[in-house]
A.B. asks: 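What follows is a structure written as structure tokens; I'll ask about it next.
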Amino acid sequence: MKKNIVLIGFMGTGKTTVSRKLSEMLDIKEIDVDAYIVEREQKSINDIFKEQGEEGFRDIETASLDEIKNEKGIISCGGGAVLRDKNVEILKTNGKIVLLTATPQTIYERVKDDDSRPLLKGNMNVDHIKMLMDRRKDRYIEVADVVIETDNKDVDEIAAEIIEYMGNNS
Ligand code: S3P
């Protein structure tokens, strides 16, 4: 594979699970940007949002993407990473951007018991997820090289679709 696989998409679309699977199947390194940020800052994502706000977190995210830009592998991004043009530019240099999608209902089912996402804190419901998703939808589509739907698919099917795409396009 010549290009990195860059996984993007809304929270709960399965980026972390799929990147782990791809990493095992292809025997290539996985770089989870949120995990990199937690390690770099020695703080949880919740604490970073609490102390520095969303903009502070976004600045750390951009700096982190810049630091890992020469890595080779599967890059699993946080759901908001592609909102900034600079980040997309970095990610596109070495990678193909694979957008994972799911309906708000599916996302709700996947994330409802997890309190690690500051943007859903106190607002863990389908309507709020749909509202946030509607704001981002066009942006996700605009930056994606390929769109993979994840509703009603297991991780093996999703990984196989991505590998097929990369085989034909990278
Ligand atoms: C965010 C998504 C999160 C994390 C942060 C902000 C977002 O990552 O980066 O909470 O803006 O959508 P996941 O998509 O891995 O949950």
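In listed order, ligands and their atoms are each counted from 1. A quick note: this is a predicted structure, and the numbers were derived from the prediction, not measured.
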A.B. asks: Taking non-hydrogen atoms only, is Leu119 closer than 4.0 angstrom to ligand 1 via side chain, backbone, both or neither?
C.D. replies: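 Just the side chain.
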
A.B. asks: Indicate yes or no: does an N/O atom of Gly79 lie under 3.5 Å from an N/O atom of ligand 1?
C.D. replies: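 Looking only at distances, the answer is yes, because the N/O contact criterion of under 3.5 Å is met.
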
A.B. asks: Going by the order shown, which atoms of ligand 1 are within less than 4.0 Å of some heavy atom of Lys15?
C.D. replies: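 Near Lys15, the atoms of ligand 1 are 13 (P), 14 (O), 15 (O).
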
A.B. asks: How far does NZ of Lys86 sit from CD of Glu61, to the nearest 0.5 angstrom?
C.D. replies: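 Going from NZ on Lys86 over to CD on Glu61, the span is 13.5 Å.
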
A.B. asks: Do Leu22 and Glu30 have side-chain heavy atoms sitting under 4.5 Å apart?
C.D. replies: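 Leu22 vs Glu30: side chains apart.
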
A.B. asks: State the atoms of ligand 1, each with its element, that fall below the 4.0 Å cut-off from a heavy-atom position in Arg58.
C.D. replies: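 Those of ligand 1 that fall under 4.0 Å from Arg58 are 7 (C), 11 (O).
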
A.B. asks: Indicate yes or no: does an N/O atom of Phe49 lie under 3.5 Å from an N/O atom of ligand 1?
C.D. replies: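 By distance alone, the answer is no.
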
A.B. asks: Is Arg117 close to ligand 1, meaning an N/O of one under 3.5 Å from an N/O of the other?
C.D. replies: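 N/O-N/O distance under 3.5 Å: yes.
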
A.B. asks: Is ligand 1 less than 4.0 angstrom away from at least one heavy atom of Arg136?
C.D. replies: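 Contact check Arg136 vs ligand 1: positive.
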
A.B. asks: Thr150 vs Arg110, test: side chain to side chain donor-acceptor pair (under 3.5 Å). Steps then yes/no.
C.D. replies: CA-CA 12 Å; Thr150 68; Arg110 290 180 186 159; 3.2 Å; yes

A.B. asks: State whether a side-chain donor-acceptor pair under 3.5 Å links Ser116 with Asp114.
C.D. replies: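 Looking only at side-chain atoms, Asp114 and Ser116 do form a donor-acceptor pair, the distance falling under 3.5 Å.
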
A.B. asks: Identify the protein heavy atom lying closest to atom 5 (C) of ligand 1, giving its residue, its atom name and the separation to 0.1 Å.
C.D. replies: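 The protein heavy atom lying closest is Ile45 CG2, 3.9 Å.
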
A.B. asks: Go through ligand 1 atom by atom and flag the ones less than 4.0 Å from a non-hydrogen atom of Phe57.
C.D. replies: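 Answer, ordered by atom number: 9 (O).
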
A.B. asks: How far is atom 7 (C) of ligand 1 from its nearest protein heavy atom, and which residue and atom name does that atom have?
C.D. replies: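 Of every protein heavy atom, Gly80 N, 3.3 Å lies nearest to atom 7 (C) of ligand 1.
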
A.B. asks: Measure the shortest side-chain to side-chain distance between Tyr165 and Val147 over non-hydrogen atoms and say whether it is less than 4.5 angstrom.
C.D. replies: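 Counting from C-beta outward, Tyr165 and Val147 never come under 4.5 Å.
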
A.B. asks: What pairs of residues pass the ring pair (Phe, Tyr, Trp, His ring centres under 6.0 Å) test when at least one of them lies in residues 100-159, not counting sequence neighbours?
C.D. replies: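 The answer is none; no pair qualifies.
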
A.B. asks: Would you compute the distance between atom NZ of Lys72 and atom CD1 of Ile5 and round it to the nearest 0.5 angstrom?
C.D. replies: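 With rounding to 0.5 Å, NZ (Lys72) is 13.0 Å from CD1 (Ile5).
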
A.B. asks: Looking only at distances, can you tell me whether any N or O atom of Glu61, backbone or side chain, sits closer than 3.5 Å to an N or O atom of ligand 1?
C.D. replies: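 So ligand 1 has no N or O lying under 3.5 Å from an N or O of Glu61.
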
A.B. asks: Which protein non-hydrogen atom lies closest to atom 8 (O) of ligand 1, naming both residue and atom, and how far is it?
C.D. replies: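 Closest protein heavy atom to atom 8 (O) of ligand 1: Asp34 OD2, 2.7 Å.
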
A.B. asks: Indicate yes or no: at least one non-hydrogen side-chain atom of Leu99 is less than 4.5 angstrom from one of Ile141.
C.D. replies: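 Yes, close enough: below the 4.5 Å cut-off.
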
A.B. asks: Should Thr16 be counted as touching ligand 1, given the test is an N or O pair under 3.5 Å?
C.D. replies: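 No: no nitrogen or oxygen of Thr16 is under 3.5 Å from one in ligand 1.
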
A.B. asks: Quick one: which of Ile68, Ile75, Ile74 gives a side-chain contact (heavy atoms from CB on, under 4.5 Å) with Asn4?
C.D. replies: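 So, applying the side-chain contact (heavy atoms from CB on, under 4.5 Å) to Asn4 and each of Ile68, Ile75, Ile74, only Ile75 qualifies.
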
A.B. asks: Numbering the atoms of ligand 1 from 1, which are under 4.0 Å from a heavy atom of Pro118?
C.D. replies: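 Selected atoms, number and element: 10 (O).
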
A.B. asks: For ligand 1, note which part of Glu54 has a heavy atom under 4.0 Å away: side chain, backbone, both or neither.
C.D. replies: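 Glu54 to ligand 1: no contact under 4.0 Å from either part.
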
A.B. asks: Is Met133 near ligand 1, meaning one of its heavy atoms is under 4.0 Å from it?
C.D. replies: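 Flag not set, Met133 not near ligand 1.
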
A.B. asks: As an exercise, state the distance from CD of Glu109 to CG of Asp151, rounded to the nearest 0.5 Å.
C.D. replies: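 It comes to 11.5 Å.
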
